[in-house]
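We count ligands from 1, going down the list as the structure has it; atoms in each ligand are counted the same way.
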Amino acid sequence: MDDQLKNIAEQAKIDLKECLNQNDILNIRAKYLGKKSLVNSLYSQLRNLPEEERPSFGKKVNELRNELERMIDEKEKELKLQIVNAYDSVQANDLTLPGVYFPPGSLHPLTIIRRKMEDIFISLGFQIAEGPDIEDEYHNFDALNTPEDHPSRNLADTFYLDNGYLLRTQTSTVQVRTMESYPPPIYIISPGRCYRNDKPDPSHSPVFHQVEGLVVDKGISMADLKDTLQFFAKAMFGPEVKSRIRPHFFPFTEPSAEMDISCVSCQGKGCRICKNSGWLELAGAGMVDPSVLEMMGIDDQIYNGYAFGIGIERIAMLKYNIPDMRILYENDVRMLRQFSRELI
Ligand code: DAH
């Protein structure tokens, strides 16, 4: 008898677990507590029991009925709550409302230009080299043949640190570091940050970026330098761009030159951007001074080379028509957003 009661309770638990909706609850209630239910059939067994067993069995059946009622009520409550929650979440996630818009991020124009420059030089077989922003005087000046009294060493131009180091004023430092570590042939470019004690104005910033180039190999000539820079200018600004080189001076190149391109705004006719000259200065360059090669332990009778330095800001400003360098550092999202489609 007791087993029978236990089995009914166990079966009810299983049935309730599988119960999914109000209809199932109704069926279960009928099965266990209704007129023709299992519990009622137990009451009808009472009469067949000996008189003395009836009260205790009756009590047990009552307890079972109460327990079953409690279990079924609880399940019913749980199901109702599930329905309310589901309804609430449908309310919260109103699928007819417009979605939450996450605007796409964008690369900074300086990053886009740096990557374009890297791509162009990599396509010519150059490799990317890197050097530290915090440098010593040897790599920033001495090894680059820069005399003690050169004005760029001045406190007013260079940020010196208390520990004798400085913030590199040019990426030419990486020329030295590369020649120290690798034997020729060398074909590298080195993009990176540079620092100078300049007040921010439309064409100056105390932090700016350069791409340095260095080639050391046998039989390199000024024609190779000119051709490489010209290839770069056309790849960056289009095939119609003309270029020229003018004599200049840099301590670490001999001869030294500056490279100009025909104005990308007026195509050389003369405008405000090129100050009516029709030309824009693009790079410093030259043949690596033999004394630099010698300091690096490279035999200048066998090897020679060229080097160049190009400002990334300058290219970005020309390419994207940015009139003031400071705009590049203000992080105004209205400016940055305009580059969200440029993925490179
Ligand atoms: N380092 C020079 C500057 O910051 C740019 C430059 C000129 C780099 C001539 C070179 C070079 O490699 O050959 O003004």
For Gln210, the ligand 1 atoms whose distance to one of its heavy atoms is below 4.0 Å: 3 (C), 4 (O)
Distance-only N or O hit between ligand 1 and Ala307, under 3.5 Å: yes
Parallel, tilted or perpendicular: ring planes of Tyr329 versus His209, cut at 30 and 60 degrees: parallel
Short side-chain donor-acceptor distance under 3.5 Å, Glu212 and Gln175: yes
Side-chain heavy-atom pair Tyr165, Glu137 within 4.5 angstrom cut-off: no
Glu67, CD: over 12 other non-hydrogen atoms inside 6.0 angstrom: yes
Taking atom 1 (N) of ligand 1 as the reference point, the nearest protein heavy atom with its distance: Gln170 OE1, 2.7 Å
Proximal atoms of ligand 1 relative to Phe252 (non-hydrogen, under 4.0 Å): 1 (N), 8 (C), 9 (C), 10 (C), 11 (C), 12 (O), 13 (O)
Residue portion contacting ligand 1 (non-hydrogen atoms closer than 4.0 Å) for Tyr306: neither
Nearest candidate to atom 10 (C) of ligand 1, where distance is taken over non-hydrogen atoms, out of Glu212, Glu254, Arg168: Glu212
Plane angle bin for Tyr187 and Phe126 - parallel if under 30°, tilted between 30 and 60°, otherwise perpendicular: perpendicular
Protein contact to atom 14 (O) of ligand 1 [nearest heavy atom, distance to 0.1 Å]: Arg196 NH2, 3.8 Å
Contact check, side chains of Arg54 and Leu49, non-hydrogen atoms, under 4.5 Å: yes
Ligand 1 atoms in contact with Thr253 (distance to a heavy atom under 4.0 Å): 13 (O)
Modelled atom types, side-chain donor and acceptor of Tyr32 and Arg65, under 3.5 Å: no
Polar contact flag for Thr169 and ligand 1 (N/O pairs, less than 3.5 Å): no
Close-contact set for ligand 1 against Gly309 heavy atoms, below 4.0 Å: 6 (C), 8 (C), 10 (C), 12 (O)
Residue Gln175 vicinity, atoms of ligand 1 by number, heavy atom under 4.0 Å: 12 (O)
Between Asp260 and Ser243: side-chain donor-acceptor atoms closer than 3.5 Å: no
Step-by-step side chain to side chain contact (heavy atoms under 4.5 Å, CB included) determination, Ile186 to Asp217: CA-CA 6 Å; Ile186 292 169; Asp217 204 345; over 6 Å; no
Residue pair Tyr306 / Asp224, side-chain donor-acceptor N/O under 3.5 Å: no
Atoms in ligand 1 with a heavy atom of Phe250 nearer than 4.0 Å: 7 (C), 9 (C)
Those atoms of ligand 1 less than 4.0 Å from some heavy atom in Ser172: 1 (N), 8 (C)
Option of least heavy-atom distance to atom 9 (C) of ligand 1 (set: Ala285, Pro251, Ser152): Ala285
Subset of ligand 1 atoms that lie under 4.0 Å from at least one heavy atom of Gly286: 13 (O)
